[in-house]
Student: 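Pasting a structure below so you can have a look.
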Amino acid sequence: MMRTRPLKVALLGCGVVGSEVARIMTTHADDLAARIGAPVELAGVAVRRPDKVREGIAPELITTDATALVKRGDVDVVVEVIGGVEPARTLITTAFEHGASVVSANKALLAQDGATLYEAAARHGQDLYYEAAVAGAIPLIRPLRESLAGDKINRVMGIVNGTTNFILDKMDTSGAGYSEALDEATALGYAEADPTADVEGFDAAAKAAILAGIAFHTRVRLDDVYREGMTEVTAADFASAKEMGCTIKLLAICERAADGGSVTARVHPAMIPLSHPLASVREAYNAVFVEAEAAGRLMFYGPGAGGSPTASAVLGDLVAVCRNKLNEANGPGESAYTQLPVSSMGEVVTRYHISLDVADKPGVLAQVATVFAEHGVSIDTVRQQGKDGEASLVVVTHRAPDAALSGTVEALRKLDTVRGVASIMRVEGE
C-alpha cells in the first residue's frame, strides 16, 4: 500500500543537471511514486540567480538560502548538484545533521574529502549516494559497492572523461592534431571554454580516487592519484600506435598490487591494443573495465556526461534513498577496513613505448640497449629508420617498475648520440 504523505526533496543547484532532475521528478511523478512506495515532491530549489526563468519549477520553490533549505526539518533527501568543495561540503554535512539523506554528483568533493561525508552520514544515520559522480548514466558505483561486494576486485581500468575521449578519437580516426580536435570538441559543446580539468586529467583523477576507494575498500584521496594530461599526444604518436596495432586513450587505472599489500591509482594517456574492448569506445562515450577474482572481466559502457544521462543516475539514487527512508534502513556506507597504503607511481609495473631521435651511425643501438640493461629494463621490440645522418629509434619494453623506466629515459637523454626523446607513452591492456 502506498504512503500518501510525500517524501520531500531539496535540490541544491539548478543548472544543466539540476534542471533535468527537477523536470523528471515532475513529469514522471506517478512512476517514481509507484517505484518508491510514496510520492516525492520538491521542497525547494537553491540557486545563485533567482531571477532566471526555470520552466516547470514553481517560483515559490526558488531560494538563494541553501543553508536554510537543508536545515528544514521536513526535508527527507537533499540532492546536491552544485559541485566544488565548498559550500557543498558544509551543506551536505548540515543536511545530515538535520535528518536528511544526500544524493550527490560531486566527484571533486568525494575525491578530496569523502571520509568527512561518510563519517557525518554514519553519525546521523543517513545515506550518502553518488552514482552520478563517476561515468554519468553508467551504473558503476552501485555494482562496485553492492553487486561485487562479495568478490575481490583486482583492477579497474577505464575511460571516464568524454571530452578527452572525443578529442583522442578524432585524432585517431581523422588524423587531426590536438588543437584541431579540441576546437571541434569545443564547438560541439563537449569541451568547456577552459578545458584544463578534462585535458590535464584532473576530472579523471577525481573519479579514479573514488573508484579505487570503493574497489579496494580503502581510503584513496585525489592527492594519492598520479596524473598526466593528454595535451602532448601527437599525430605521430597515433601513427606509432597504429604500427603496433594499438590506439591511444586517456585511462584511469586502479590496481591492487600482486602481493595484495598496496594499491595504486593513476591517470595518463596510454597505448592499448585494438583487440581490447576499451579501444573501440568512440566519441564522448565512457567505459570502465573491471577485473574481479570470481566474476572475471566486466565492462560498463555508456554516455558519461550530459544533463539527461547524469540526471538518470541522480534519480536512480533518489529512488534507492527514498526506499531506505520508508523502510527506516540505510544503504551501504564507507568500506575502508583494509586500510591499504597507496603506492607511488614509481612502484607501478608497466610497459613503455619510447621514440628517440638519434644519430644514424654504427653503435647507436648498442649504446641504447646498454642503458636499458643497466637499469634492469628488458626490451621487447626495436624499430629503427634512418636517413641523411639522422634516425628515429622506437623501443617497446617489457613490463618493469615505472621508476626504472623513468631512470632509463633520463640516462638516454644524456647520450651524445641521442638528439632527443620524441615521445614516451605507457602501453596498457595486455
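Keep in mind the model is a prediction, meaning the values are calculated, not measured. Basis for what follows: all heavy atoms, side chains included, without hydrogens, waters or symmetry-related copies.
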Student: Tell me every residue that passes side-chain contact (heavy atoms from CB on, under 4.5 Å) with R23, counting only those two or more places apart in sequence or in another chain.
Tutor: E20, T27
Student: Is there side-chain contact between V78 and S101, with at least one heavy-atom pair below 4.5 Å?
Tutor: no
Student: Please list, one pair per line, the donor and acceptor atoms closer than 3.5 Å that link side chains of residues 288-297 to other protein atoms, with sequence neighbours excluded.
Tutor:
none

Student: Take atom CZ in F166; do more than 12 heavy atoms of anything else shown fall under 6.0 Å from it?
Tutor: yes
Student: Using a strict threshold of under 4.0 Å (side-chain N to carboxylate O), is an ion pair present between E283 and K170?
Tutor: yes
Student: Between S104 and N106, does any side-chain donor sit less than 3.5 Å from a side-chain acceptor?
Tutor: no
Student: Going by heavy atoms in the side chains, are K249 and N165 under 4.5 Å from each other?
Tutor: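 Yes; the side chains approach each other to less than 4.5 Å.
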Student: List, one per line, each side-chain donor-acceptor pair under 3.5 Å for residues 110-118, sequence neighbours excluded.
Tutor:
{"residue": "D113", "atom": "OD1", "partner": "T116", "partner atom": "OG1", "Å": "2.8"}
{"residue": "D113", "atom": "OD2", "partner": "R89", "partner atom": "NH1", "Å": "2.8"}
{"residue": "D113", "atom": "OD2", "partner": "T116", "partner atom": "OG1", "Å": "2.9"}
{"residue": "Y118", "atom": "OH", "partner": "Y130", "partner atom": "OH", "Å": "2.2"}

Student: R282 and D169: which non-hydrogen atoms are nearest, and at how many Å?
Tutor: NE-OD1, 2.6 Å
Student: Return the minimal non-hydrogen interatomic distance between A212 and V220, and the atom names on each side.
Tutor: CB-CG2, 3.9 Å
Student: For R426 and D402, run salt bridge (Lys or Arg N to Asp or Glu O under 4.0 Å): C-alpha distance rounded to whole Å, both residues' side-chain angles, the deciding distance at 0.1 Å, then the answer.
Tutor: CA-CA 9 Å; R426 295 175 181 86; D402 198 80; 3.0 Å; yes
Student: One thing to verify: whether R266 and E228 come together as a salt bridge, which I'm taking to mean a side-chain N less than 4.0 angstrom from a carboxylate O.
Tutor: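 Result for this pair is no, no salt bridge flagged.
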Student: Would you please test S240 and D237 for side-chain hydrogen bond (donor to acceptor under 3.5 Å, both in side chains) and show each step?
Tutor: CA-CA 5 Å; S240 295; D237 291 326; 5.5 Å; no
Student: Is a side-chain donor or acceptor of S312 paired with a backbone partner of S308 at a separation under 3.5 angstrom?
Tutor: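 Answer holds: no.
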Student: State, yes or no, whether a side-chain contact exists between V81 and L12 at a heavy-atom distance under 4.5 Å.
Tutor: no
Student: Between F372 and S378, is a side-chain contact (heavy atoms from CB on, under 4.5 Å) present by the stated rule, with each step listed?
Tutor: CA-CA 7 Å; F372 277 91; S378 176; over 6 Å; no
Student: I'd like to know if the side chain of T397 reaches the main chain of Y352, judged simply by a donor and an acceptor atom lying under 3.5 Å from each other, with no hydrogens or angles considered.
Tutor: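 Flag set: sc T397 to bb Y352 pair under 3.5 Å.
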Student: Should we count CD of E232 as having more than 12 external heavy atoms under 6.0 Å?
Tutor: no
Student: Search all heavy atoms of T247 against all heavy atoms of F238 and return the closest pair with its distance.
Tutor: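 Answer, listing the atom of T247 first, then F238: OG1-CE2, 3.9 Å.
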Student: Does this structure show an ion pair linking K8 with D76, if we count only N-O contacts that are shorter than 4.0 Å?
Tutor: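 So K8 does not pair with D76 through a salt bridge.
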Student: Determine, step by step, whether E243 and R383 satisfy the salt bridge (Lys or Arg N to Asp or Glu O under 4.0 Å) criterion, reporting the C-alpha distance in whole Å, the side-chain angles of both residues, the deciding distance to 0.1 Å, and the verdict.
Tutor: CA-CA 10 Å; E243 290 178 358; R383 186 176 71 256; 2.5 Å; yes
Student: Might you work through the side-chain contact (heavy atoms from CB on, under 4.5 Å) test for T264 and V342, ending with a clear yes or no?
Tutor: CA-CA 5 Å; T264 58; V342 182; 5.5 Å; no
Student: Does the side chain of V267 come within less than 4.5 Å of Y226's, by heavy atoms?
Tutor: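 A side-chain contact is absent here, since even the closest heavy-atom pair is not under 4.5 Å.
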Student: Distance from L318 atom CG to I36 atom CD1, nearest 0.5 Å?
Tutor: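 CD1 of I36 is found 5.5 Å from CG of L318.
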Student: Pair T90, E86 - check side-chain hydrogen bond (donor to acceptor under 3.5 Å, both in side chains), show working.
Tutor: CA-CA 7 Å; T90 299; E86 287 292 355; 2.9 Å; yes
Student: Is there side-chain contact between Y178 and V199, with at least one heavy-atom pair below 4.5 Å?
Tutor: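 In contact.
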Student: So, the side chain of E80 versus the backbone of G83: is there a donor-acceptor pair under 3.5 Å, distance only?
Tutor: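 The answer is yes, because a donor-acceptor pair under 3.5 Å joins these two groups.
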Student: Work out which heavy atom in R48 is nearest to a heavy atom in T64; give both atom names and the distance.
Tutor: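 Closest pair (atom of R48, atom of T64, distance): O-CG2, 4.4 Å.
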Student: Taking all non-hydrogen atoms of both residues into account, name the closest pair between R219 and D224 and its distance.
Tutor: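 Heavy-atom minimum between the residues: O-OD2, 4.3 Å.
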Student: If you define the side chain from C-beta out and look only at heavy atoms, does anything of V79 sit under 4.5 Å from V314?
Tutor: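 The answer is yes, as the side chains (C-beta and beyond) meet within the 4.5 Å cut-off.
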Student: Identify whether the distance between the nearest side-chain nitrogen and carboxylate oxygen of K325 and D127 falls below 4.0 Å.
Tutor: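 No, this pair does not count.
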Student: For a 4.5 angstrom cut-off between non-hydrogen side-chain atoms, does V40 reach M25?
Tutor: yes
Student: Tell me if a side-chain donor or acceptor on D31 pairs with a main-chain N or O of H28 at a distance below 3.5 Å.
Tutor: no
Student: Would V17 and V21 count as a side-chain contact (heavy atoms from CB on, under 4.5 Å) here? Give the steps.
Tutor: CA-CA 6 Å; V17 176; V21 169; 4.3 Å; yes
Student: Rounded to the nearest 0.5 Å, how far does CG of L340 lie from OG of S262?
Tutor: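 It is 7.5 Å, given to the nearest 0.5 Å.
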Student: Could you state the interatomic distance from CG (L61) to CG (L11), rounded to the nearest 0.5 Å?
Tutor: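 These two atoms lie 10.0 Å from each other.
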Student: Quick check: does any side chain N or O of T163 sit under 3.5 Å from a backbone N or O of Y190, one acting as donor and the other as acceptor?
Tutor: yes
Student: Using the side-chain contact (heavy atoms from CB on, under 4.5 Å) rule, pick out the option among D203, T196, D198 that qualifies with E200.
Tutor: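 Per the side-chain contact (heavy atoms from CB on, under 4.5 Å) rule, the option paired with E200 is T196, out of D203, T196, D198.
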Student: Report yes or no: does T164 contribute a side-chain atom to a donor-acceptor pair with the main-chain N or O of N161 at less than 3.5 Å?
Tutor: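 Indeed, once roles are kept as given, a pair shorter than 3.5 Å links the two residues.
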Student: Would a 4.5 Å heavy-atom cut-off, applied to side chains only, mark I253 and V348 as touching?
Tutor: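 Side-chain contact under 4.5 Å: no.
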Student: Are the charged groups of R145 and E131 less than 4.0 angstrom apart, N to O?
Tutor: no
Student: Distance alone, cut at 3.5 Å: any donor-acceptor contact between the side chains of E428 and T350?
Tutor: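 Present: a donor and an acceptor within the cut-off.
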Student: Flag yes if more than 12 heavy atoms outside D65 fall under 6.0 Å of its CG atom; otherwise flag no.
Tutor: yes
Student: In Å, rounded to the nearest 0.5 Å, how long is the span from CG of D317 to CG of L315?
Tutor: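 One gets 9.5 Å once the value is rounded to the nearest 0.5 Å.
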Student: Under 3.5 Å, side chain of K107 to main-chain N/O of A204, donor-acceptor pair present?
Tutor: no
Student: What are the two closest heavy atoms between P269 and L250, and how far apart are they?
Tutor: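 So the minimum-distance heavy-atom pair works out to N-CD1, 3.5 Å.
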Student: So, H217 and T338: side-chain donor and acceptor under 3.5 Å apart, yes or no?
Tutor: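 No, no side-chain donor-acceptor pair sits under 3.5 Å.
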Student: Taking H276 for the side chain and L278 for the main chain, is one N or O donor matched with an acceptor at less than 3.5 Å?
Tutor: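 Pair found, side chain donor or acceptor close to backbone of L278.
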Student: Yes or no on side-chain contact (heavy atoms from CB on, under 4.5 Å) for R419 and V358, after CA distance, side-chain angles and deciding distance?
Tutor: CA-CA 5 Å; R419 308 293 192 230; V358 300; 5.7 Å; no
Student: Thinking salt bridges, do K242 and D172 make one under a 4.0 Å N-O criterion?
Tutor: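 Salt bridge flag = yes for D172 with K242.
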